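Just follow the structure's listing: the first ligand is 1, and inside any ligand the first atom is 1. These numbers were taken from a predicted model, which means no experiment stands behind them. Computation of the quantities below employed the complete heavy-atom set of this structure, encompassing side-chain atoms and omitting hydrogens, waters and symmetry-equivalent molecules.
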Amino acid sequence: MNILIVGSGGREHALAWKIAQSPLVTSIASAPGNPGMASLGETFAVSPTDVAGQVALAQRLKADLVVVGPDAAVAAGLADALIEVGVAVFAPTAAAGRVESSKAFTKALAAREGIPTAPYAVFTDAAEAKAGLEAFAPPYVVKADGLTAGKGVTIAATRAEAEAAIDSAMGGRFGAAGARVVLEGFLQGEEVSLFALSDGASAMAFGSAQDHKRAYDGDLGPNTGGMGCYAPSPAFDATLEAEAMARIARPALAGLAADGTPYRGVLYVGLMLTPTGPQLVEFNARFGDPETQVMMIRLESDIVPYLLACARGGLDRLPPPVWRREAGICVVLATEGYPDAPRTGGEILLPSRFEPGVSVFHAGTALKDGRLICAGGRTLNICALGETLAEARDKAHRAIASIVFPGGFHRRDIGWRALAPTAPGR
Ligand code: AMP
Ligand code: GLY
């Protein structure tokens, strides 16, 4: 089979790396890809949101399956366009993908299906939104409705801060994505990212990981796309996973199918583990980044049959995926200034090899005159497997110490919850 992977981040490199190990695959191509993905197959300079360009490329390559990474491509309707010309695609249609592209859509779906989530209200007028804060207590949760690359959520300690967030969102900081604002009750607990595959008719849990969204150690600093993650999480056992599938993922997927917009692909279920059980924080219409990196190094099963089944149907005929028993970690190496003003262009020197159990995925790199340079905020993903999470972390840290990347920084406390002296599974 020929497989085309759409995207250029660490998530896509990890997917390509895992897909390349499948005996079902004859060739891999990526668009636009990155220097790491270039070692697995040809790369093509087509943007993920260039729908016509991606469709033409898939047809020219006679792709048997297109695997879409980024949410922007889902929202742009790439899956719709590929389905239209008869190319199998692992990604939901734009209509089903509204679970990510509109927070108001997801909250309405959750309310309709009785899915446990924080209470909410939606506003299109700033003065009304500010008055609406009255119904909530601090800390206030203010969200821009649309896609904002993870920057559209403000947790405000005071009413003045919440009002400023409303003004900023509705004043155009996120363009059209901020024209509607969602206010939510604050949920307390540990966050977990659960992944559910769906072929439109049936669903299957497909792993989970705990991400670290703040930029700096101690969960301090600005929110980012994710600075690192680990799996398995001792806080999220099989019972909680089954509960989250039964009460959150399956009802949402059933609701989408009943609406005539069946969801095919992977549903990212962002959960808060509260004292009363898992609650929905958000859905995304794609795999997580960097969660995928840690899931791919732990996945024992061939991933390709699962991706194909989501596109073509028959997911219910596949066994649940098998995971390696080792712990996995992913530490993001980011460039100075990330997330606000990432400084790109610096040269990176990678050692010729890493110790066994270490995988390094490219997330924001480019080749310039034959040299590897930093081309994005989250630059490299250093992943490792270990008998324990501590061992995996130490391997990842040793690998980082062997990389020359002036101005690069990373969190040293990825996995702290599971590594704390009292945590189970330590
Ligand atoms: P979202 O883009 O909706 O996932 O929000 C980004 C981050 O904001 C989440 O990962 C949480 O850390 C936090 N967050 C969002 N909604 C809530 C909520 N209702 N209560 C507490 N934290 C939240
Ligand atoms: N790591 C968070 C996300 O992919 O949205």
Side-chain angles (χ1 to χ4, degrees), residues 7 9-12 14-15 68-72 74-75 97 99-107 110 115-122 136-157 162 165 169 174 177-178 181-195 207-215 219-231 248 266-274 276 278-295 330-332 334 339 361 363 377-378 381 411 414 417:
R11 167 182 52 206
E12 288 80 16
L15 285 167
V68 179
D71 50 70
V74 172
V99 293
E100 175 162 10
S101 60
S102 168
K103 293 189 186 290
F105 175 85
T106 286
K107 293 301 271 187
I115 291 170
T117 187
Y120 78 108
V122 182
F136 296 87
Y140 299 99
V141 181
V142 180
K143 300 185 175 185
D145 179 55
L147 294 179
T148 60
K151 299 192 173 75
V153 176
T154 304
I155 312 283
F174 308 113
V181 156
V182 179
L183 303 182
E184 276 185 27
F186 181 77
L187 297 170
Q188 191 110 40
E190 269 189 54
E191 279 185 77
V192 172
S193 312
L194 167 68
F195 298 88
S208 60
Q210 264 188 309
D211 188 14
H212 298 58
K213 290 204 168 135
R214 300 294 201 97
D219 285 337
L220 298 174
N223 254 317
T224 71
M227 289 300 292
C229 61
Y230 66 103
I248 299 174
V266 62
L267 182 68
Y268 172 137
V269 186
L271 296 171
M272 193 71 81
L273 305 181
T274 74
T276 59
Q279 299 236 3
L280 175 68
V281 176
E282 61 162 347
F283 286 133
N284 292 316
R286 52 170 174 84
F287 272 121
D289 188 342
E291 290 94 326
T292 304
Q293 289 83 315
V294 101
M295 290 179 10
C330 171
V331 180
V332 171
F361 299 117
R378 293 191 292 178
N381 302 147
R411 279 186 60 165
I414 301 302
R417 283 179 192 279

Looking at K103, is its backbone amide N or carbonyl O close enough to the side chain of D145 to form a donor-acceptor pair, meaning the two atoms are under 3.5 Å apart? yes
Has the side chain of R286 got a donor or acceptor atom that lies under 3.5 Å from a matching backbone atom of G69? no
Which atoms of ligand 1 are found less than 4.0 Å from any heavy atom of G185? 18 (C), 19 (N), 20 (N)
Starting from atom 23 (C) of ligand 1, find the nearest protein heavy-atom neighbour and note its residue, name and distance. I155 CD1, 3.8 Å
Could you list the atoms of ligand 1 found under 4.0 angstrom from a heavy atom of V281? 4 (O), 15 (C), 16 (N)
Check: T276 main-chain N/O paired with T274 side-chain donor or acceptor under 3.5 Å: yes
Of all the non-hydrogen atoms in the protein, which one sits nearest to atom 8 (O) of ligand 1, and at what distance? V153 CG1, 3.5 Å
Could you tell me which non-hydrogen atom of T148 sits nearest to which non-hydrogen atom of A177, and how far apart they are? CG2-CB, 4.0 Å
Applying a heavy-atom cut-off of 4.0 Å, say which part of N223 lies close to ligand 1: side chain, backbone, both or neither. neither
Which of the listed options, K143, E282, Q188, R214, holds the heavy atom that is closest to atom 16 (N) of ligand 1? K143
Would you name the heavy atoms of G228 and V332 that are closest together and state the gap between them? N-CG2, 3.8 Å
Any donor-acceptor pair under 3.5 Å linking the side-chain atoms of E184 with those of Y120? no
Please check if the side chain of R417 supplies one atom and the backbone of Q210 the other of a donor-acceptor pair under 3.5 Å. no
Give the ring-plane orientation class for F287 versus F195, where under 30° counts as parallel, over 60° as perpendicular and anything between as tilted. tilted
Which parts of the protein, at residue level, reach under 4.0 Å of ligand 2 through a heavy atom? D211, K213, G225, Y268, N284, R286, G288, D289, P290, E291
Partner of V281 under side chain to side chain contact (heavy atoms under 4.5 Å, CB included), picked from T117, L187, V153, L271, is L187
For L187, is at least one N or O under 3.5 Å away from an N or O on ligand 1? yes
When you check the gap from the basic side-chain N to the acidic O, do R411 and D219 get nearer than 4.0 Å? yes
Please work out which of E184, K213, K103 has its closest non-hydrogen atom nearest to atom 2 (O) of ligand 1. K103
Of all the heavy atoms in G152, does at least one lie under 4.0 Å from an atom in ligand 1? no
For atom 17 (C) of ligand 1, what's the nearest protein heavy atom and its distance? V141 CG1, 4.0 Å
Atom 9 (C) of ligand 1 sits nearest the protein heavy atom E191 OE1, 3.3 Å
Distance-minimising heavy-atom pair for A334 and M227: CB-CE, 4.1 Å
Which atoms of ligand 1 are found less than 4.0 Å from any heavy atom of M272? 21 (C), 22 (N)
Start with the C-alpha distance between F283 and V269, add both sets of side-chain angles, then the distance that settles side-chain contact (heavy atoms from CB on, under 4.5 Å), and finish with yes or no. CA-CA 5 Å; F283 286 133; V269 186; 3.9 Å; yes
